[in-house]
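Residue indices begin at 1 and follow the sequence shown.
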Amino acid sequence: MIKHVFAWIAALLLTACAQTPTVGETEVRYGRVTRIDNVQIDSSAHMGLGSIIGSVAGGVLGYQIGGGTGHDVAAVAGALGGAALGTAAQSRMEKQSGQHITVALNNGVVVGITQPASNLRVGDQVRIDGSGNSARVTRY
């Protein structure tokens, strides 16, 4: 039973690491940079080595608790908790420098986008490709 649980957890974690490309059109907006604030960005690896190590360690430690089917229940709970803690630890360790860029669009709307650090400066004419988490600001 415990081998099946660990195999299932490993498959789930490896599947979560895969990225699928998006297909379709992208929103493009134009404007001028009005402000840039330096920030720290958490790692984009939501399920990586930290979650794998955490789930294995949590599962092994959880299996030490209880007896009979209690071993299996504790192992699963430990694996899930360990994966969450491992992911959080990895995210804290892999922060990178970034910028929160405020852009006044040509239509009068003001937007803020956080992205990895770039060579943009206040006053630059820029274009914003995409929207939401995929939005990126580039000079044009």
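In the hydrophobic clustering of ILVMFWY residues, with side-chain heavy atoms under 4.5 Å counting as a link, I36 and L105 come out together. Linking ILVMFWY residues whenever their side-chain heavy atoms come closer than 4.5 Å, directly or via other members, leaves V109 and V28 in distinct clusters.
Atom CD1 of I101 is separated from atom CZ of R136 by 9.0 Å, given to the nearest 0.5 angstrom. Between the OG1 atom in T114 and the CG atom in D37 there is a gap of 9.0 Å [rounded to 0.5 Å].
Screening residues 109-126 for salt bridge (Lys or Arg N to Asp or Glu O under 4.0 Å), with sequence neighbours left out, gives D124-R139.
With hydrogens and angles ignored, the 3.5 Å screen pairs a side-chain donor or acceptor of R29 with a backbone N or O of G130.
The closest side-chain heavy-atom distance from V33 to Q99 is not below 4.5 Å. No side-chain heavy atom of E27 sits less than 4.5 Å from a side-chain heavy atom of S134. You'll find the side chain of V103 stays beyond 4.5 Å of the side chain of I113, heavy atoms only.
The two residues Q40 and S97 come nearest to each other via the heavy atoms NE2-OG, 3.9 Å. Closest approach of A104 and T34 over heavy atoms only: CB-CG2, 3.8 Å.
In summary, of the residues considered (D129, L120, I128, V126), a side-chain contact (heavy atoms from CB on, under 4.5 Å) with T138 occurs for D129 alone.
More than 12 heavy atoms of other residues, nucleotides or ligands shown are found within 6.0 angstrom of CG on N107.
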